[in-house]
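Have a look at the structure below, then the notes.
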Amino acid sequence: MRLTLLPSIVLFAAIGGLSSCHNGDTDNSSRNSEQSAQKSARHDPDFLEQHANDPHALETEFGDEAHAACADGANDYLREIELHDFSWDDDAKGVNGQRFDKLTTHSEAPYVLTLVSTRAKLANAFGGFSHITLYCSYDAKQQKVLGYSLTDPLLLKLESDLKNNTVPTKRPDYIPSTEPVDRSEKPTISFPQPQPKETASKDNDLDAQATNFLSEYYQIAEQSPEQAIPWMMAHYKPVVDFFGKSQSLNQIIAQKRTYLTRWPIRSYRLLTDTVTHQCNQTNMICQSMGTLEFDAQSPERKAASHGKASFVLSVDFSGNTPQITSENSQVISR
């Protein structure tokens, strides 16, 4: 089992019962002795006390148990917090899949291993899947999972301690830099040049097109699949950067259809004071970004989802029909 340690340490954990090679000098008794020694170390109070705050040592001895326990309860946790769908990467599925692929180098508490997974994905309010970082805290002494979180448990603990004034405030020590400072270069001051009126007029026109398209997009997103899908098929490029991943039009439409069907009642309200457009007059592409409020309901499933989300949408206006080239969003609050 190979684990990637955060931030940049790689740990190779031995898996009991597997051997890389076999030769005549190694007999079964010696291997059984090693396995017995490993098992006794796992229950040795002295070992736990000596390595209570050493994630490396704890993972080496308790890694298999920690991974198995964290993987067993991960789906239940995601079902509790997910407002839409969730999924795992292909290499995290099945009996041999490894869901937690990293280990934090810090210890949030004595005897606790914090495993990290970057292989889980949650569906957002717009039908796209985005990877999340899932943390699992495993107590090697109690041999059980303490809990799951989408935030580093150590940061949560520090935040709680600060709120309760249990962490003394201390100014960090100043460490002077040993790097030489080059003072030979003098700063240059540049002044913005006035923009030609004709170019400004074209940019304003493109901004207006982006504003109108954004409004139309979210109006369509509230419609039924029968109404929304034909519009989407005409207004997406054949290949789109969809939530950080290059996907074909057919793949996107399939995800959109699933989402529209799963949440038949949908509404979106753009917070216009947050919306901005960055338009390129040369290639006629505008990138719109901002914040919106969303509300989705499924009376049949007795489920509801509402909150705020940020979005980024890039649209190509060079043709007769504007087409989306890139789309991304992230839920801010629920």
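Only this structure's heavy atoms are used, side chains among them; waters, hydrogens and symmetry mates stay out. One is the number of the first residue; the rest follow in order along the sequence.
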Check: When rounded to the nearest 0.5 angstrom, what is the spacing between CG in Leu249 and NZ in Lys256?
Finding: 11.5 Å
Margin query: For a quick test of reading the model, state the closest non-hydrogen atom pair linking Gln251 to Ser248 and the distance between them.
Written below: OE1-N, 2.9 Å
Item checked: Considering all heavy atoms, the nearest Ser305-Phe294 contact -> OG-CE1, 3.5 Å
Note to self: Measuring only between side-chain heavy atoms, which start at C-beta, is Val315 closer than 4.5 Å to Ser288?
What the structure shows: no
Check: How long is the gap from CG on Asp205 to CD on Gln281, to the nearest 0.5 Å?
Finding: 8.0 Å
Next item on the list: Give a yes or no on whether Leu113 and Leu48 share a hydrophobic cluster (residues Ile, Leu, Val, Met, Phe, Trp, Tyr; joining criterion: side-chain heavy atoms under 4.5 Å apart).
Entry: yes
Margin query: Please tell me whether Tyr236 and Met233 are part of a single hydrophobic cluster in this structure, the criterion being side-chain heavy atoms less than 4.5 Å apart.
Written below: yes
Margin query: Suppose we call two aromatic rings close when their centres sit under 6.0 Å apart. Are Phe100 and Tyr138 close by that rule?
Written below: no
Checklist line | Atom pair CZ/OG of Arg262 and Ser298 - distance to nearest 0.5 Å | finding: 7.5 Å
Next item on the list: Identify the heavy atoms of Asn53 and Pro110 that sit nearest to each other, and give their distance.
Entry: OD1-CA, 3.5 Å
Notebook entry, point to check: Can you tell me if NZ on Lys237 sees more than 12 non-hydrogen neighbours from other groups inside 6.0 Å?
Noted result: yes
Notebook entry, point to check: Say you draw a straight line from OG1 of Thr276 to CE of Met289; how long is it, rounded to the nearest 0.5 Å?
Noted result: 5.0 Å
Notebook entry, point to check: Cluster question for you: counting only ILVMFWY and a side-chain heavy-atom cut-off of under 4.5 Å, with indirect links fine, are Val145 and Ile132 together?
Noted result: yes
Notebook entry, point to check: Any chain of hydrophobic side-chain contacts (each under 4.5 Å) joining Met232 to Ile324?
Noted result: yes
Note to self: Checking the side chain of Asp101 only, and the main-chain atoms of Thr118 only, is there a donor and an acceptor separated by less than 3.5 Å?
What the structure shows: yes
Margin query: Taking Val331's backbone N and O only, do any of them form a donor-acceptor pair with Arg334's side chain (distance below 3.5 Å, no angle check)?
Written below: no
Notebook entry, point to check: What's the shortest heavy-atom distance between Leu103 and Pro55, and which atoms?
Noted result: CD2-O, 3.9 Å
Next item on the list: Test Tyr218 against Phe311 for side chain to side chain contact (heavy atoms under 4.5 Å, CB included), laying out the working first.
Entry: CA-CA 12 Å; Tyr218 285 110; Phe311 66 87; 3.5 Å; yes
Check: Per the side-chain hydrogen bond (donor to acceptor under 3.5 Å, both in side chains) rule, which among Glu49, His51, Gln142 passes with Tyr111?
Finding: Glu49
Notebook entry, point to check: Out of curiosity, Cys136 SG to Leu115 CG, how far, rounded to the nearest 0.5 Å?
Noted result: 5.5 Å
Check: Applying the 4.5 Å side-chain criterion to the ILVMFWY set and letting contacts propagate, would Leu206 and Tyr217 be lumped into a single cluster?
Finding: yes
Check: Considering all heavy atoms of both residues, which atom of Ala52 and which atom of Leu58 are nearest to each other, and what is their separation?
Finding: O-CD1, 3.6 Å
Check: Where the side chain of Arg119 meets the backbone of Gln98, is there a donor-acceptor pair that is under 3.5 Å apart?
Finding: yes
Margin query: Any side-chain to backbone donor/acceptor pair from Thr114 onto Thr104? Under 3.5 Å, distance only.
Written below: no
Margin query: Using a 3.5 Å distance criterion without hydrogens, assess whether the side chain of Glu293 forms a donor-acceptor pair with backbone atoms of Leu271.
Written below: no
Margin query: Does any part of the side chain of Leu313, heavy atoms only, come nearer than 4.5 Å to the side chain of Phe213, both counted from C-beta?
Written below: yes
Notebook entry, point to check: Can you check whether Pro264 reaches Pro299 side chain to side chain, under 4.5 Å on heavy atoms?
Noted result: yes
Note to self: Run Ser318 and Asp316 through side chain to side chain donor-acceptor pair (under 3.5 Å) and show every step you take.
What the structure shows: CA-CA 6 Å; Ser318 62; Asp316 184 354; 2.7 Å; yes
Item checked: N/O donor-acceptor pair under 3.5 Å between Tyr148 side chain and Cys70 backbone -> yes
Checklist line | Counterpart residues, ring pair (Phe, Tyr, Trp, His ring centres under 6.0 Å), relative to His277 (two or more places apart) | finding: none
Next item on the list: Taking the side chain as every heavy atom from C-beta outward, state whether Phe243 and Gln255 have any pair of such atoms under 4.5 Å apart.
Entry: no
Margin query: What I'd like to find out is whether the side chain of Arg266 reaches to under 4.5 Å of the side chain of Leu260, using heavy atoms alone.
Written below: yes
Checklist line | Check: Gln223/Trp231 side-chain N/O donor and acceptor closer than 3.5 Å | finding: no
Checklist line | Where Ala120 and Trp88 come nearest, the two heavy atoms and their spacing | finding: CB-CZ3, 3.7 Å
Next item on the list: Report the distance from atom OG of Ser224 to atom CD1 of Ile265, rounding to the nearest 0.5 Å.
Entry: 12.5 Å
Notebook entry, point to check: Just wondering, do Phe86 and Leu134 contact through their side chains at under 4.5 Å, heavy atoms?
Noted result: no
Next item on the list: Look at the rings of Phe47 and Phe62 and say which category their plane angle falls in: under 30° parallel, 30 to 60° tilted, over 60° perpendicular.
Entry: tilted
Margin query: Between Arg99 (side chain only) and Ser117 (backbone N and O only), is there a donor and an acceptor less than 3.5 Å apart?
Written below: no
